[in-house]
Amino acid sequence: MPAIVDVWVSAVKPATFELSYLFRDPVDGHECVRASTTLAFFSAVDERLLRIPAEHRDALREFLGDPLFT
């Protein structure tokens, strides 16, 4: 039986955003794992982070929720 996983955006910054994950047991629903990932776009040519366009940051904010870790 597959695990239940909630995924949401927990931070949006000019060049990065964070996804948070909450894994729950499919039988009794108890929390099994909490995790987060910071993602960034990188230019290999320029060897630097790329800023996220404002319209994409706005779209990400539609899925914004509380961070798991502070």
Side-chain angles (χ1 to χ4, degrees):
M1 187 177 293
I4 299 165
V5 183
D6 294 323
V7 181
W8 65 95
V9 176
S10 51
V12 178
K13 298 179 181 177
T16 64
F17 64 99
E18 184 174 282
L19 293 179
S20 289
Y21 315 88
L22 184 58
F23 292 77
R24 296 183 184 277
D25 183 282
V27 176
D28 64 12
H30 81 273
E31 183 180 309
C32 298
V33 177
R34 289 177 167 214
S36 66
T37 304
T38 300
L39 299 163
F41 297 97
F42 184 79
S43 169
V45 173
D46 299 326
E47 297 183 351
R48 65 178 182 87
L49 290 179
L50 300 173
R51 293 181 66 86
I52 301 170
E55 61 272 13
H56 293 175
R57 288 194 308 267
D58 291 343
L60 286 167
R61 286 189 185 101
E62 291 183 34
F63 303 97
L64 195 60
D66 293 333
L68 288 172
F69 309 104
T70 55

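These numbers were taken from a predicted model, which means no experiment stands behind them.
No path of Ile, Leu, Val, Met, Phe, Trp and Tyr side chains, each step under 4.5 Å between heavy atoms, connects Leu19 with Ile4, placing them in separate hydrophobic clusters. Note on Val7: it clusters hydrophobically with Phe23, by side-chain heavy-atom contacts below 4.5 Å among ILVMFWY residues.
For the pair Leu39 and Thr16, the minimum side-chain heavy-atom distance is 4.5 Å or more. Contact annotation: the side chain of Glu47 approaches that of Phe42 to within less than 4.5 Å [non-hydrogen atoms, C-beta and beyond].
Of all heavy-atom pairs spanning Ser20 and Pro67, the tightest one is OG-CA, 4.5 Å. Here the closest non-hydrogen pair linking Ala3 and Pro26 is CA-CD, 4.1 Å.
Under the rule for a side chain to side chain contact (heavy atoms under 4.5 Å, CB included), the partners of Val45 that lie at least two apart in sequence or sit in another chain are Ser43. For Arg34, the salt bridge (Lys or Arg N to Asp or Glu O under 4.0 Å) test picks out Glu31, with sequence neighbours left out. Here Ala15 pairs with Leu49 under the side chain to side chain contact (heavy atoms under 4.5 Å, CB included) rule; sequence neighbours left out.
Counting only residues at least two apart or on different chains, the salt bridge (charged side-chain N to carboxylate O under 4.0 Å, His left out) pairs with a member in residues 13-28 are Asp6-Arg24.
Leu22 belongs to a hydrophobic cluster whose other members, connected by ILVMFWY side-chain contacts under 4.5 Å either directly or through intermediates, are Trp8, Leu68, Phe69.
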Could you pull out all donor-acceptor pairs under 3.5 Å where a side-chain atom in residues 52-66 meets a protein atom, sequence neighbours excluded?
residue	atom	partner	partner atom	Å
Arg57	NH1	Ile52	O	2.3
Asp58	OD1	Arg61	NH1	3.2

